[in-house]
Amino acid sequence: MYKSKGFAVCELIVSTLLVVFGVYTLANPSATLESAVIIYGLLAVLMGVLDIVVYVKLERRTGFGPVASLVTGIISVIAGVMILLEPLAGVLALTLLFPMWFICHCISRLMNLGLTRLVAGNAYYYFALVVNILGLIVGIMMFFDPFVSMFTLSFMVGFYLILLGVDGIVLALSGLARR
């Protein structure tokens, strides 16, 4: 019981940080990408670790884990570490890594929606469905036009981080993370 509660608290903390960083990004669009790269690198590592934790917990409880959570967790951790190790290159790579991260993370969440609906109910299911479809659209837009995404990155990322954070907060508070 205690371990499950710890996961809900961890999900709530990371999701709250996502909302805070999303608001910061929207409030300071002229801030340099280099300083934001460090924050986003840390978030990518934290979210990757959470995706791996989801895989491990479901593997233990059900005998099989969503491989997409494991793969996206590993990709998120690698992307975050790469950004943290080389922030200047991270600014350039950001235009490709973030779209890949958005797309992978959203696909992972969409693949887990069946289980989510059973545990958290229809309201959270539809909310998560909309948020993750929007994330896919944003990721695809950024992937196909990286130069435009460099100029609009702070707005798109800020908005999406807020949505992703709210999604995680609802997940943590819904009881899904505790079960």
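Any value given below was found using the heavy atoms of this structure, including those in side chains, with hydrogens, waters and symmetry copies removed. A quick note: this is a predicted structure, and the numbers were derived from the prediction, not measured.
Atoms OG1 and CD1, from T16 and I169 in turn, are 4.0 Å apart once rounded to the nearest 0.5 Å. One finds the CG atom of L163 at 6.5 Å from the CZ atom of F127 (value rounded to the nearest 0.5 Å). Taken from CZ in F21 to CG in L42, the straight-line distance is 7.5 Å, to the nearest 0.5 Å. Taken from CG in L129 to CG in N122, the straight-line distance is 11.0 Å, to the nearest 0.5 Å. Atom-to-atom distance recorded for L136:CG and I133:CD1 is 7.5 Å, nearest 0.5 angstrom. The CD atom of E11 sits 10.0 Å away from atom CG of L173, with the distance rounded to the nearest 0.5 Å.
With a 4.5 Å cut-off on side-chain heavy atoms, I107 and M111 count as touching. Contact annotation: the side chain of N132 approaches that of D167 to within less than 4.5 Å [non-hydrogen atoms, C-beta and beyond]. Within the 4.5 Å cutoff, the side chain of M82 has heavy atoms near those of the I78 side chain. Within the 4.5 Å cutoff, no side-chain heavy atoms of L113 are placed close to those of R117. Side-chain contact between V166 and V131: absent, with no pair of heavy atoms (C-beta onward) separated by less than 4.5 Å. H105 has its side chain within reach of D51: a pair of non-hydrogen atoms, C-beta onward, lies under 4.5 Å apart. When side chains are defined from C-beta on, L134 does not count as touching Y160, because their heavy atoms never get closer than 4.5 Å. Looking at heavy atoms from C-beta onward, I162 lies in side-chain contact with L26 at the 4.5 angstrom threshold.
In the hydrophobic clustering of this structure, V49 groups with V81; members are Ile, Leu, Val, Met, Phe, Trp, Tyr whose side-chain heavy atoms approach within less than 4.5 Å, directly or through other members. Criterion: ILVMFWY side-chain heavy atoms under 4.5 Å apart, direct or through other members. Under it, V9 and L43 are part of a common hydrophobic cluster. Placement of I39 and M47 within a single hydrophobic cluster is found when ILVMFWY residues are connected by side-chain heavy-atom separations under 4.5 Å, directly or transitively. When hydrophobic clusters are built by joining Ile, Leu, Val, Met, Phe, Trp and Tyr residues whose side-chain heavy atoms come closer than 4.5 Å, directly or via intermediates, L110 is not grouped with V67. Each of L164 and V20 belongs to its own hydrophobic cluster when Ile, Leu, Val, Met, Phe, Trp and Tyr are linked at side-chain heavy-atom distances under 4.5 angstrom.
C104 and I75 get closest at one heavy-atom pair: SG-CD1, 4.2 Å. Taking all atoms of both residues into account, the shortest heavy-atom contact from Y40 to L161 is CE2-CD1, 3.2 Å. Summarising the geometry of V77 relative to I52, their closest heavy-atom pair is CG2-CD1, 4.4 Å, with the distance given to 0.1 Å. Listed here is the closest heavy atom pair of G165 and L18: CA-CB, 3.7 Å. Here the closest non-hydrogen pair linking S76 and G48 is CB-CA, 3.5 Å.
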Pair N112, S69 - check side-chain contact (heavy atoms from CB on, under 4.5 Å), show working.
CA-CA 9 Å; N112 294 328; S69 289; 3.2 Å; yes
Mind running side-chain contact (heavy atoms from CB on, under 4.5 Å) on L70 and E59 for me, showing each step along the way?
CA-CA 10 Å; L70 179 63; E59 176 74 28; over 6 Å; no
